[in-house]
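Working notes, beginning with the structure itself.
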Number of protein chains: 2
Amino acid sequence: MDQNKIPQATAKRLPLYYRFLNSLNHQGKKRVSSNELSEAVKVDSATIRRDFSYFGALGKKGYGYNVEYLLGFFRKTLDQDELTEVALIGVGNLGTAFLHYNFLKNNNTKIVMAFDADPEKTGTDIGGVPIYHIDDLEERMGNVRVAILTVPSDEAQNITNRLADYGIAGILNFTPARITVPSGIRVHHIDLSIELQALVYFLKHYPLDG
Amino acid sequence: MDQNKIPQATAKRLPLYYRFLNSLNHQGKKRVSSNELSEAVKVDSATIRRDFSYFGALGKKGYGYNVEYLLGFFRKTLDQDELTEVALIGVGNLGTAFLHYNFLKNNNTKIVMAFDADPEKTGTDIGGVPIYHIDDLEERMGNVRVAILTVPSDEAQNITNRLADYGIAGILNFTPARITVPSGIRVHHIDLSIELQALVYFLKHYPLDG
DNA sequence: ATGATATTGTGAAAGGCATCACGACTTTAG
DNA sequence: CTAAAGTCGTGATGCCTTTCACAATATCAT
Ligand SMILES: NC(=O)c1ccc[n+]([C@@H]2O[C@H](COP(=O)([O-])OP(=O)(O)OC[C@H]3O[C@@H](n4cnc5c(N)ncnc54)[C@H](O)[C@@H]3O)[C@@H](O)[C@H]2O)c1
Ligand SMILES: NC(=O)c1ccc[n+]([C@@H]2O[C@H](COP(=O)([O-])OP(=O)(O)OC[C@H]3O[C@@H](n4cnc5c(N)ncnc54)[C@H](O)[C@@H]3O)[C@@H](O)[C@H]2O)c1
């Protein structure tokens, strides 16, 4: 994999850069400097230059970066022309919100199906995304290799095991459960309760702008 | 502030430890080792011991940690007996989900009021949390110093300015907008689109278990 | 053309964090 | 009481990331 040398921290910032470049492009802006970018995305300009430099010399000294060129470059790098299909498991409060949003605006990702255990929900659709019964998971998944997990936390490991058996590649886990997966499956945790508690903790213990 | 020496990475894990210790305590478990903790929360055991060591010697060699003692310690450290009131701005897809959930389960935080610009939503309540009109923000906020921001991204800076003028201390920002605040205000970004894109990027470019 | 100005790309330094590895100490079993 | 097993706390190490700071290079105005 040729991009293996790119630091993970850099990789996480790429979609952010892409989004802002896109917006600049729509505004008809032709050039941009690392300093302008820095103010907009709140990342130190040296970090931005370093990030870009992993991909080679994308800018011109004394000029900055050509928006269109940079955008095209990132489009390829981020596979923006390739659509990744995603399944959502658990159409509750959070799952419903995600289905309505569906990450279409600036993304190469799309939720194409959802699952729930509640017969009141299955058989319907939200924003065009069909909701199937969880019993039909294996039968319906097709080629989908990425899942968003928004089930109650006691169900999380259960569902995870089924996803793992099915051959899932990545899970975005919104439940507080710290799920166990066979190696080779990537899990990203987004634990919203912890995010809120961490904010509160930092407010109390790391005052001012530390 | 006496806990200023605690690394931020450690601070972010504290709520996770607390939650699991709480659950152990409910199960009646009296002792726990860094290795058991490690398996449950998926953090290296050395990291756990190091994290705990910032607070002094909390364990006993050859024995492990006393669950009740540790829990009591973290309860104080995390101010679990103190309730932090939070306001939510923007009762849409995401905001509604948060209001239903309300972070009550294991938390010292509570959403006590919400704001929206849509007259259809104001005047009602969700899960007991009243929804006020955004025009009444300053009038209603009272002592609330933490806000969750779930408005459309074009409104984000606007609302942020008002919150800043009012004297907000911290903002949990779910909009993709990179908001600007006066120094002294803490903003945590949770950019769900980016999280999903990052997962997909890692799947494609950082294969297997790297 | 030329000098003033702008901005990149990057070596080097610093910071922050995770992990190893082991001595010290406690418990447990016999 | 003694030996074996278990576990912590932490010095040392190395990795990853950010940031500084500046030479190199390009643009721009005249
Ligand atoms: N809503 C929030 O704001 C919020 C915040 C933080 C964390 N979370 C976490 O996100 C997860 C979902 O939260 P929520 O508020 O949407 O919960 P919810 O109860 O509203 O939704 C859960 C959904 O999962 C479905 N479900 C239950 N068992 C299932 C199974 N075996 N297979 C498929 N579907 C099943 C339920 O029918 C329900 O529709 C929970 O783990 C929660 O702790 C939610
Ligand atoms: N829903 C998701 O899954 C999701 C995912 C990623 C990011 N986001 C981001 O989260 C934010 C909210 O998303 P959503 O799907 O809930 O949007 P939404 O449109 O459903 O909700 C926005 C709410 O804000 C209200 N609002 C508009 N202007 C306001 C103002 N000036 N003051 C107060 N309230 C105002 C609207 O009336 C609406 O109720 C957006 O910025 C979106 O980009 C949402």
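Below, read A as the first sequence line, B as the second, and so on, with proteins coming before strands; counting in each chain starts at 1.
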Measure the shortest side-chain to side-chain distance between A:Leu94 and B:Tyr101 over non-hydrogen atoms and say whether it is less than 4.5 angstrom.
-> no
Between C:dA18 and B:Thr47, is there an OP1 or OP2 to side-chain N/O distance shorter than 4.0 Å?
-> no
Length of the CD-P vector between A:Gln8 and C:dC17, whole Å | 16 Å
Between B:Arg178 and B:Asp191, is there a side-chain N and carboxylate O pair less than 4.0 Å apart?
-> yes
Could you state the CZ-P distance from A:Phe52 to D:dT19, rounded to the nearest angstrom?
-> 16 Å
In whole angstrom, what separates A:Lys5's NZ from D:dC15's P?
-> 17 Å
Would you find more than 12 non-hydrogen atoms of other residues, nucleotides or ligands less than 6.0 Å from B:Gln157 atom CD?
-> yes
Is there a donor and acceptor pair, one atom on the side chain of A:Arg50 and one on the base of D:dT18, closer than 3.5 Å?
-> no
Per nearest nucleotide of DNA chain D, the residue lying toward the 5' end, A:Thr10 or B:Val32, is B:Val32
Would you mind reading off the distance between A:Lys12 atom NZ and D:dT18 atom P, rounded to a whole angstrom?
-> 10 Å
May I ask you to list the residues of residues 33-44 of chain A, by number, that have any heavy atom positioned under 4.0 Å from an atom of DNA chain C?
-> A:Ser33, A:Ser34
Would you mind telling me which of A:Ser38, A:Ser34, A:Ser33 makes a side-chain contact (heavy atoms from CB on, under 4.5 Å) with A:Glu36?
-> A:Ser33
Pairs under 3.5 angstrom only: tabulate donor-acceptor contacts from the side chains of residues 57-72 of chain A to other protein residues two or more places apart or in another chain.
| from | atom 1 | to | atom 2 | distance (Å) |
| --- | --- | --- | --- | --- |
| A:Asn66 | OD1 | A:Glu68 | N | 2.9 |
| A:Asn66 | OD1 | A:Tyr69 | N | 2.9 |

Whether B:Tyr17 and B:Phe52 hold their rings parallel, tilted or perpendicular, with breakpoints at 30° and 60° | perpendicular
Specify the residues of residues 64-71 of chain A, ordered by number, for which at least one heavy atom lies under 4.0 angstrom from an atom of DNA chain C.
-> A:Gly64, A:Tyr65
By ring-ring contact (aromatic ring centres under 6.0 Å, His included) - contacts of A:His188 (at least two apart) | B:Phe202
Are B:Glu85 and B:Val146 close enough that some pair of their side-chain heavy atoms sits under 4.5 Å apart?
-> no
Parallel, tilted or perpendicular: ring planes of A:Phe174 versus A:Phe98, cut at 30 and 60 degrees = tilted
Once you round it to whole Å, what is the distance between C1' of C:dT10 and CD1 of A:Ile48?
-> 16 Å
Just how far, in rounded Å, is P of D:dT10 from CZ of B:Phe55?
-> 14 Å
Readout for nucleotides 22-30 of chain D: B = base within 4.0 Å of protein heavy atom, S = sugar-phosphate only, - = neither; 5' to 3' it is --BBBSS--
Separation of D:dT17 P from A:Arg13 CZ (nearest whole Å) = 8 Å
Could you list the residues that satisfy salt bridge (charged side-chain N to carboxylate O under 4.0 Å, His left out) with A:Lys12, not counting sequence neighbours?
-> none
Look at the rings of B:Tyr201 and B:Tyr206 and say which category their plane angle falls in: under 30° parallel, 30 to 60° tilted, over 60° perpendicular.
-> tilted
